[in-house]
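Heads up, the thing below is written out as structure tokens.
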Amino acid sequence: MPRLWHDPPVPDQSLVDAAALDELLSRVQHEVETGRAPSCQLALARDGQLVADVTFGDAPAGARYSVMSVTKAYVAAGTWLLLGDGSLTPDTRVVEVIPEFGANGKEAVTLEHLLTHTAGFPNAPMRPGEGRTSAGRVARFASWRLDSEPGTTMAYHGTSAHWVVAEMIERVSGQDYRTFLNERVAVALGLERLRLGVPPEEGGDVVEISMVGDSGGGNLGIDEAVPDVLLLYNEPDVRAVGVPGSGAVSTAADVAMLYQALLRNEPPLWDPVVLADGTGNIRNRLVDPLRGVPANRTLGLAVAGDDGHAAVREFGLEAGPRTFGASGLGGQIAWADPDTGLSFCWLTNGLLADIVATYKRTTALSTRAARCAPPTVPAAKESV
């Protein structure tokens, strides 16, 4: 299968361990050769520079992919801007911004609940067509009911909570949430290929997704994680809606560079206190029923942690404990490690139906990616 270097063609060996990178690339190529990934992209960045950008399989270099729940980091990055300017706080109750949301006993739900998967309505329905407009979203919110008291239960909210976040962004910013995110985050950072809400005439470079394999007995237990729903993201009209929890498209390179911005705050978009909180302050340690370990959720992201369960959280076996990120259904990976300055993204259009196989692949790729940061050389001790 072809391996296509994009840019830069030769990695800077002061920023990346060449042998470790070659091992990572070989492991990715194995995914394509065995048919588990029709095509894929990976990107590594370090110290503010893109050091690897590679496309494998049946896709051209520079193609864009549906990044699935990697989208959540993008939405979080936009929300942190509004936390920084005081428009929102983690304790802001949704009804303070969207009074109509409070129907059916949802008055206590806060922004923190939404971003930490503790809002209490994980499978509340919203068809993309309904979510296209504020009126459609609000009408659907009114029908939602709580499955659990907000703040008491960890239950992964695939898209439901982020529809509410999107409406909050619109109301406090005065902009369409897609415009706000694309202008205030992607354009501000020079990320030309990362977008949420792609008009049909601009989506010709997005690789169509497909399901690979069967469930193998490993079921996600998420209503939205069924093939018929996932394949909707191939429809131009659905991509145009920009589902805020899972609908962004991007290259792996742009996602890796987004994470560099989150590591370095360059250019300085975010209030430093808000950024540190969003990337490192674990607010939800409730047990994640999908993984059987503490969730380790910040306001929008997951953190690897030092409890031996980083691999279960999809950060591999060798990422530092402060590594933060947001993975995507079927195998998409994105994270950054503050201890090494490395960020990594791997995207594919072949979504694995078997969650166990997904975890195994994620562990293999993330572990090898973490090794790509050159070992640090201890400073010489002064002679006494």
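Values in this document were obtained by computation on a predicted structure and should not be read as measured data.
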Legend entry - Heavy-atom check, side chain of Pro244 versus side chain of Tyr177, under 4.5 Å: yes
Legend entry - Least distance between heavy atoms, Arg46 atom then Ser14 atom: NH1-O, 3.7 Å
Legend entry - Check: Asp277 and Leu299 side chains under 4.5 Å, non-hydrogen atoms: yes
Legend entry - Charged N-O contact under 4.0 Å between Arg171 and Glu100: yes
Inset, instruction - May I ask you to decide whether Arg27 forms a salt bridge with Glu31, counting only side-chain N to carboxylate O separations under 4.0 Å? - result: yes
Inset, instruction - Decide whether Met126 and Leu114 are clustered together by the hydrophobic rule: side chain heavy atoms of Ile, Leu, Val, Met, Phe, Trp, Tyr closer than 4.5 Å, transitively. - result: yes
Inset, instruction - Look only at the side chain of Asn104 and the backbone of Trp144, and say whether a donor-acceptor pair between them is shorter than 3.5 Å. - result: yes
Legend entry - Contact check, side chains of Asn284 and Met154, non-hydrogen atoms, under 4.5 Å: yes
Legend entry - Heavy-atom pair with the smallest gap, counting every atom of Pro200 and Pro236: CB-CB, 3.9 Å
Inset, instruction - Begin with the C-alpha distance, continue with both residues' side-chain angles, and end with the deciding distance and a verdict on side-chain contact (heavy atoms from CB on, under 4.5 Å) for Val75 and Leu181. - result: CA-CA 7 Å; Val75 174; Leu181 291 166; 4.1 Å; yes
Legend entry - Single-linkage hydrophobic cluster Leu365~Val32, side-chain heavy atoms < 4.5 angstrom: yes
Inset, instruction - Evaluate the criterion side-chain contact (heavy atoms from CB on, under 4.5 Å) for residue pair Leu351 and Thr358; output intermediate values, then yes/no. - result: CA-CA 9 Å; Leu351 305 185; Thr358 302; over 6 Å; no
Inset, instruction - Nearest 0.5 Å please: distance from the CG atom of Leu329 over to the OG atom of Ser246. - result: 9.0 Å
Legend entry - Arg361 side chain to Arg36 backbone, donor-acceptor under 3.5 Å: yes
Legend entry - Close side-chain approach of Ile98 and Val164, heavy atoms under 4.5 Å: yes
Inset, instruction - Kindly say whether Ala276 contributes a backbone atom to a donor-acceptor pair with the side chain of Asn281 at under 3.5 angstrom? - result: no
Legend entry - Val165-Leu83 co-clustered via ILVMFWY side chain contacts under 4.5 Å: yes
Legend entry - Heavy-atom side-chain proximity of Tyr233 to Pro128 below 4.5 angstrom: no
Legend entry - No-hydrogen, no-angle side-chain donor-acceptor test under 3.5 Å, Thr367 and Glu318: no
Legend entry - Donor on one side chain, acceptor on other, Thr363 and Lys360, under 3.5 Å: no
Inset, instruction - Taking all non-hydrogen atoms of both residues into account, name the closest pair between Ala73 and Leu301 and its distance. - result: CB-CD2, 3.6 Å
Inset, instruction - Kindly compute the distance separating CG (Leu286) from OG1 (Thr152), expressed to the nearest 0.5 Å. - result: 8.0 Å
Legend entry - Any side-chain heavy-atom pair of Asp205 and Arg193 under 4.5 Å: yes
Legend entry - Contact check, side chains of Ser173 and Phe180, non-hydrogen atoms, under 4.5 Å: yes
Inset, instruction - Assess whether side chain to side chain donor-acceptor pair (under 3.5 Å) is satisfied between Tyr65 and Thr348, documenting all intermediate values. - result: CA-CA 7 Å; Tyr65 288 76; Thr348 181; over 6 Å; no
Legend entry - N/O donor-acceptor pair under 3.5 Å between Glu130 side chain and Gly136 backbone: no
Legend entry - Interatomic spacing from CZ in Arg285 to OG1 in Thr116 - rounded to 0.5 Å: 12.5 Å
Inset, instruction - Please name the pair of heavy atoms, one in Phe344 and one in Leu24, separated by the smallest distance, quoted to 0.1 Å. - result: CE1-CD2, 4.2 Å
Legend entry - Val172 vs Leu88 side-chain heavy atoms within contact, under 4.5 Å: yes
Inset, instruction - Taking atom types as modelled, find out whether Thr110 and Asp91 have a side-chain donor-acceptor pair closer than 3.5 angstrom. - result: no
Legend entry - Lys/Arg N to Asp/Glu carboxylate O, Glu170 vs Arg137, below 4.0 Å: yes
Legend entry - Any donor-acceptor N/O pair, Lys106 side chain to Phe141 backbone, under 3.5 Å: yes
Legend entry - For the student: nearest non-hydrogen atoms of Asp147 and Phe121, plus distance: OD2-CA, 4.5 Å
Legend entry - Least distance between heavy atoms, Gly131 atom then Val241 atom: C-CG1, 4.4 Å
Inset, instruction - Without swapping roles, check the side chain of Glu96 against the backbone of Arg93 for a donor-acceptor pair under 3.5 Å. - result: yes
Inset, instruction - In sequence, state the C-alpha distance, the side-chain angles, and the governing distance for Asp306 and Arg322, and then conclude on salt bridge (charged side-chain N to carboxylate O under 4.0 Å, His left out). - result: CA-CA 8 Å; Asp306 59 2; Arg322 297 194 297 149; over 6 Å; no
Legend entry - Side chains of Tyr74 and Ser250, donor plus acceptor under 3.5 Å: no
Legend entry - Pair Asp254 + Arg64: basic N to acidic O under 4.0 Å: no
Legend entry - Side-chain donor or acceptor of Trp163 paired with backbone N/O of Val243 under 3.5 Å: no
Inset, instruction - Please round to the nearest 0.5 Å and tell me the distance separating atom CG of Leu115 and atom OG1 of Thr298. - result: 8.5 Å
Legend entry - side-chain contact (heavy atoms from CB on, under 4.5 Å) between Leu111 and Val94, intermediate numbers included: CA-CA 7 Å; Leu111 179 62; Val94 175; over 6 Å; no
Inset, instruction - Kindly say whether Ala63 contributes a backbone atom to a donor-acceptor pair with the side chain of Gln41 at under 3.5 angstrom? - result: yes
Inset, instruction - Please round to the nearest 0.5 Å and tell me the distance separating atom CZ of Arg178 and atom CD1 of Ile169. - result: 11.0 Å
Inset, instruction - Could you tell me how the ring of His162 sits relative to the ring of His117: parallel (under 30°), tilted (30 to 60°) or perpendicular (over 60°)? - result: tilted
Legend entry - N-O pairing of Arg291 and Glu314 below 4.0 Å: yes
Legend entry - Flag for Ser327-Gln332: side-chain donor and acceptor within less than 3.5 Å: no
Inset, instruction - Return the orientation label for the Phe324 and Tyr259 ring planes: parallel under 30°, perpendicular over 60°, tilted otherwise. - result: parallel
Inset, instruction - Measure from the side-chain N and O atoms of Thr71 to the backbone N and O of Ala248, and report whether any donor-acceptor pair falls under 3.5 Å. - result: yes
Legend entry - Reported NE2-to-OG1 distance for the pair His113 and Thr92, which is rounded to 0.5 angstrom: 12.0 Å
Legend entry - Ser366/Ile333 under side-chain contact (heavy atoms from CB on, under 4.5 Å): CA gap, chis, key distance, verdict: CA-CA 8 Å; Ser366 287; Ile333 310 166; 3.5 Å; yes
Inset, instruction - Answer yes or no: is there a donor N or O on one side and an acceptor on the other, between the side chain of Asp288 and the main chain of Pro294, under 3.5 Å? - result: no
Inset, instruction - Report the residue from Val255, Leu42, Val54, Thr362 that forms a side chain to side chain contact (heavy atoms under 4.5 Å, CB included) with Trp346. - result: Leu42
Legend entry - Ser343 side chain to Trp335 side chain, donor-acceptor N/O pair below 3.5 angstrom: no
Legend entry - Single-linkage hydrophobic cluster Val198~Met68, side-chain heavy atoms < 4.5 angstrom: no
Legend entry - Crowding at CD, Gln175 (>12 non-hydrogen neighbours, <6.0 Å): yes
Legend entry - Side-chain ion pair, Arg313 and Asp307, N-O less than 4.0 Å: yes
Legend entry - Val249-Val229 co-clustered via ILVMFWY side chain contacts under 4.5 Å: no
